[in-house]
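Below is one structure, written out as structure tokens; the observations come after it.
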Amino acid sequence: LMIDTMLFDLDGTLLPMDQEEFIKLYFKGLYLKFGQTYDFEILQKVIWEGTEKMMTNDGRDTNENVFWDNFESRLGIRKTDVEKDFTDFYNNEFSIAKGATKARPEITAYVHTLKQKGYTVVAATNPLFPKVATMNRLRWAGFDPEDFALFTTYEHYHYCKPNPAYYTEVLASLGKQPQNCIMAGNDNLEDMAAQQLGIKGYLITDCLINRANAPLASFWHGTWDEMVQITDFNR
């Protein structure tokens, strides 16, 4: 089977970033938007809780519903009453978090090269965010969301990385076999979990998240500068 599909993580991969700084700025943006409306400490806590619940989602519902069920029950606020405000946040205040990121034109160019060569290219980002937030992060990285055959968001997915079921869901929506795909990402736990299904993994070390300090020699790995040299994965 030919490799014809490239799955790329977004945060820290297609969009290089300082993750701790990103989270800090994300909550700063939330505070600017909602700090006057809600008890912000509680809101912050509920957002972390909802994220945790999505991370451990066993497929019983979409990540979106899992997040909002928790939000509604903890805050007694209906999703329908605040959804517009959250969409507004992701289109406005959220952009403050762009300050923790750095677009690299050579990454954007590389993705376009792979597409020209006939590869299916996917932004296999952990589906913790709504579509609006993911489209904006793709734009920060210098892409048009249309550049991707698929980008994964919380509306349609029932699992999160590192659960291999997330990758099963991605493959199903693409109609691909694991042997057709390579997963490139910067997180040895979340992104390399794809290998459990037989997807080949490539660990990008520029913004490396190496939980438990695994020896890098156990992964096919390299920097972006090394990755962009590879335009034929079937040699």
Side-chain angles (χ1 to χ4, degrees), residues 8-55 57 61-72 74-105 107-108 111-112 121-158 160-161 170 173 207:
F8 289 102
D9 171 56
L10 177 54
D11 300 327
T13 302
L14 292 174
L15 181 63
M17 67 164 57
D18 174 336
Q19 193 171 6
E20 279 179 26
E21 183 65 12
F22 177 83
I23 291 168
K24 212 163 77 187
L25 291 175
Y26 173 79
F27 279 107
K28 186 178 178 182
L30 270 176
Y31 181 76
L32 292 173
K33 175 73 177 168
F34 296 110
Q36 306 310 309
T37 326
Y38 299 104
D39 178 323
F40 194 69
E41 270 187 29
I42 294 174
L43 179 67
Q44 210 168 341
K45 202 170 160 201
V46 169
I47 285 175
W48 276 122
E49 269 175 21
T51 304
E52 191 54 44
K53 288 193 184 316
M54 290 189 285
M55 292 288 293
N57 191 356
D61 207 338
T62 60
N63 290 337
E64 176 180 26
N65 290 344
V66 165
F67 177 85
W68 284 104
D69 287 351
N70 179 67
F71 188 96
E72 292 184 334
R74 291 281 275 111
L75 293 176
I77 299 165
R78 291 215 312 268
K79 176 190 176 186
T80 44
D81 295 335
V82 291
E83 198 168 20
K84 195 176 153 300
D85 295 333
F86 272 88
T87 300
D88 189 58
F89 159 73
Y90 281 117
N91 278 323
N92 294 291
E93 291 85 354
F94 179 53
S95 65
I96 197 173
K98 187 182 179 179
T101 71
K102 186 177 184 301
R104 287 180 59 183
I107 297 175
T108 323
V111 168
H112 288 297
V121 181
V122 174
T125 176
N126 223 356
L128 297 165
F129 282 101
K131 183 180 177 183
V132 55
T134 302
M135 286 170 74
N136 280 328
R137 287 180 358 267
L138 287 167
R139 290 185 189 109
W140 298 353
F143 295 100
D144 183 324
E146 321 286 286
D147 290 336
F148 299 90
L150 175 75
F151 55 90
T152 54
T153 63
Y154 82 171
E155 287 91 345
H156 305 292
Y157 281 75
H158 301 74
C160 283
K161 308 173 191 178
V170 172
S173 37
C207 300

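Residue numbers count from 1 along this sequence.
Considering only heavy atoms from C-beta on, Val82 comes within 4.5 Å of Tyr38 through its side chain. Annotation: side chain of Thr101 is not in contact with side chain of Arg137 (no heavy-atom distance under 4.5 Å). Within the 4.5 Å cutoff, side-chain heavy atoms of Phe40 are placed close to those of Leu30. Within the 4.5 Å cutoff, side-chain heavy atoms of Ile47 are placed close to those of Phe27. Within the 4.5 Å cutoff, side-chain heavy atoms of Phe148 are placed close to those of Leu14. Asn91 has its side chain within reach of Val132: a pair of non-hydrogen atoms, C-beta onward, lies under 4.5 Å apart. Using a 4.5 Å heavy-atom threshold, the side chains of Ile23 and Trp48 count as touching.
Looking only at distances, a side-chain donor or acceptor of Asp147 sits under 3.5 Å from a matching main-chain atom of Asp144. Checking side-chain atoms of Glu155 against main-chain N and O of Lys131 turns up a donor-acceptor pair under 3.5 Å. A donor-acceptor pair is defined here as one N or O able to donate and one able to accept, closer than 3.5 Å; such a pair exists between the side chain of Thr108 and the backbone of Ala141. Under a 3.5 Å cut-off, the side chain of Asn57 and the backbone N or O of His158 do form a donor-acceptor pair. The backbone N or O of Val170 lies less than 3.5 Å from a partner atom in the side chain of Ser173, making a donor-acceptor pair. Thr153 places no side-chain N or O within 3.5 Å of a backbone atom of Pro130 that could act as its donor or acceptor partner.
Aromatic ring centres of Phe8 and Phe143: separated by at least 6.0 Å.
With rounding to the nearest 0.5 Å, the separation of OH in Tyr90 from CG in Asp88 is 12.5 Å. The CE atom of Met17 sits 10.0 Å away from the CG atom of Leu25 when rounded to the nearest 0.5 Å. Atom-to-atom distance recorded for Leu43:CG and Phe71:CZ is 5.5 Å, nearest 0.5 angstrom. The structure places CD of Gln44 at 10.5 Å from CG of Asp39, a figure rounded to the nearest 0.5 Å. One distance of note links CG of Asn126 with CG of Asp11; it measures 9.0 Å at 0.5 Å rounding. Distance check: Tyr154 OH to Phe129 CZ gives 10.5 Å after rounding to the nearest 0.5 Å.
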task: In sequence, state the C-alpha distance, the side-chain angles, and the governing distance for Val46 and Phe67, and then conclude on side-chain contact (heavy atoms from CB on, under 4.5 Å).
output: CA-CA 9 Å; Val46 169; Phe67 177 85; 5.9 Å; no

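Residues Lys161 and Asp9 are paired through a salt bridge, judged by an N-O separation under 4.0 Å between the basic side chain and the carboxylate. A salt bridge links Glu64 with Lys79; the closest basic N to acidic carboxylate O contact falls under 4.0 Å.
Using cut-offs of 30° and 60° on the angle between ring planes, the pair Tyr26 and Phe22 is parallel.
Among all heavy-atom pairs drawn from Cys160 and Met55, the shortest one is CB-CA, 3.9 Å.
The number of heavy-atom neighbours closer than 6.0 Å to OH of Tyr31, taken from other residues, nucleotides and ligands shown, is 12 or below. Within a 6.0 Å sphere centred on CD of Gln19, other residues, nucleotides and ligands contribute 12 heavy atoms or fewer.
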